[in-house]
Amino acid sequence: MIAAIRSEIRKLLSLRSTYIIFGLSLLFVMLMDGVVTGYNHVHLDDTFVNWLITSTLQGTSFILGLIVLLQVTHEYRYNTIAYTLTLARRRTSVFLAKALVSSLAVLIGAVLFVATGVASGLIGLAASGASLPEQSILWGDILPKGSVYVWGAGMYALIIGFLLRNQVGAIVMYLFGTAIVEQLLSLLLKDSSGYLPFRALENSLLTGDIATTFTPEKSMAIVFGWIVAAGATAWLLFMRRDAN
């Protein structure tokens with residue numbers, strides 16, 4: 001298992017897309033939080049830092065998920081998954097190693113994005129000549145919701161990658177397909193649309209128009225349920241399907 005984890009870390013750090021996407025995302029965070037939010041005094045009250053953290057998580061979680069998605073599908077695209085499975089004693093260890101490394105990657109990435117976003121926002125605020133009001137940072141609320149939100153996006157990406165195995169198809173499904181499908185299903189489900197995976201993920205961080213029925217805690221439970229169910233399906237298919 002340790003060898004599999006080390007292998008997955010090396011794979012993640014060897015992909016150029018990891019550095020390109022992460023670097024461009026850092027620039028995006030610095031621009032949005034430093035100029036748009038900080039310099040222009042958006043939400044300049046005692047929730048300013050809370051707003052910076054939440055908006056940064058919203059804007060970068062799916063980008064982190066995309067890094068995970070590319071790591072999985074890259075192996076199928078170039079058929080290096082065959083070597084991975086040949087060297088591994090058990091496919092389950094490979095699956096779990098990918099899930100563990102992906103979880104750590106998105107959570108560490110989120111911390112770096114949030115730190116950059118808050119610093120950029122404070123620098124932008126200072127550059128504008130405004131002063132920061134006394135802040136009330138709701139860590140007990142932000143940490144669990146933010147962690148589930150980022151981790152959930154990463155696990156959704158991982159599962160989609162395992163299920164589809166085609167890089168282009170997985171990217172399209174992750175970024176656009178699920179949103180279109182859920183929009184259509186929301187018209188049918190109406191108040192029950194909060195049970196949909198990505199809608200539940202969204203409501204786990206911020207309450208929406210169905211907040212009276214789906215609290216963030218309930219939405220987080222739904223997210224966990226989807227990850228367990230879909231993850232088990234992806235694991236079973238990973239165990240039974242040929243590498244190519």
Side-chain angles (χ1 to χ4, degrees), residues 22-68 102-157 179 191 193-227:
F22 194 83
L24 292 176
S25 300
L26 275 179
L27 292 176
F28 173 77
V29 168
M30 293 170 66
L31 175 64
M32 295 300 297
D33 289 343
V35 178
V36 177
T37 301
Y39 194 82
N40 291 324
H41 309 162
V42 176
H43 288 272
L44 187 56
D45 52 24
D46 62 345
T47 64
F48 180 75
V49 174
N50 289 321
W51 170 261
L52 282 174
I53 296 173
T54 303
S55 62
T56 301
L57 291 174
Q58 281 186 298
T60 59
S61 62
F62 279 75
I63 295 174
L64 291 169
L66 183 60
I67 293 176
V68 171
S102 298
S103 299
L104 292 175
V106 295
L107 291 175
I108 292 173
V111 171
L112 294 176
F113 280 139
V114 167
T116 301
V118 171
S120 299
L122 295 178
I123 292 172
L125 187 65
S128 69
S131 58
L132 180 69
E134 184 177 352
Q135 296 296 293
S136 176
I137 305 176
L138 306 175
W139 292 114
D141 187 62
I142 292 176
L143 285 177
K145 290 182 181 179
S147 299
V148 171
Y149 185 76
V150 173
W151 179 75
M155 291 302 97
Y156 282 176
D191 290 342
S193 61
Y195 287 108
L196 296 172
F198 283 89
R199 182 62 64 87
L201 185 65
E202 178 184 350
N203 284 296
S204 68
L205 182 64
L206 291 177
T207 54
D209 55 351
I210 56 174
T212 56
T213 306
F214 293 86
T215 63
E217 292 74 19
K218 182 176 181 178
S219 295
M220 285 190 283
I222 295 172
V223 169
F224 278 114
W226 275 108
I227 291 174

Any side-chain heavy-atom pair of [X] and [Y] under 4.5 Å:
X	Y	value
F22	L112	yes
P197	Y156	yes
L64	V68	no
T37	M32	no
W226	F198	no
Q58	Y149	yes
D191	F214	no
L201	S219	no

Problem set entry | Within residues 104-132 or reaching into it, pairs that qualify as salt bridge (Lys or Arg N to Asp or Glu O under 4.0 Å) - sequence neighbours excluded | none

Show the nearest heavy-atom pair for residues [X] and [Y], with the distance to one decimal.
X	Y	result
L44	S131	CD1-O, 4.2 Å
L57	A110	CD2-CB, 4.1 Å
V223	G152	CG1-CA, 4.3 Å
G194	A200	O-CB, 3.4 Å

Exercise. How about F28 and F113: are their ring centroids closer than 6.0 Å?
Worked result: no

For this session: Look at the rings of F224 and W151 and say which category their plane angle falls in: under 30° parallel, 30 to 60° tilted, over 60° perpendicular.
Result: tilted

Between [X] (side chain) and [Y] (backbone), is there a donor-acceptor pair under 3.5 Å?
X	Y	value
N50	S136	yes
E134	D45	no
D33	T116	no

Exercise. Who pairs with D141 by salt bridge (Lys or Arg N to Asp or Glu O under 4.0 Å), at least two apart in sequence or on another chain?
Worked result: K145

If I take atom [atom1] from residue [X] and atom [atom2] from residue [Y], how far apart are they, to the nearest 0.5 angstrom?
X	Y	atom1	atom2	answer
I227	I222	CD1	CD1	12.0 Å
L52	Q135	CG	CD	8.5 Å
K218	Y195	NZ	OH	3.5 Å
S204	M220	OG	CE	6.5 Å
S103	M155	OG	CE	3.5 Å
L66	S61	CG	OG	11.5 Å

Problem set entry | Residue that, paired with V49, satisfies side chain to side chain contact (heavy atoms under 4.5 Å, CB included) out of I137, L138, I142, T54 | I137

Exercise. Sequence neighbours excluded, which residues qualify as side chain to side chain contact (heavy atoms under 4.5 Å, CB included) partners of S128?
Worked result: Y39, H41, L125, A130

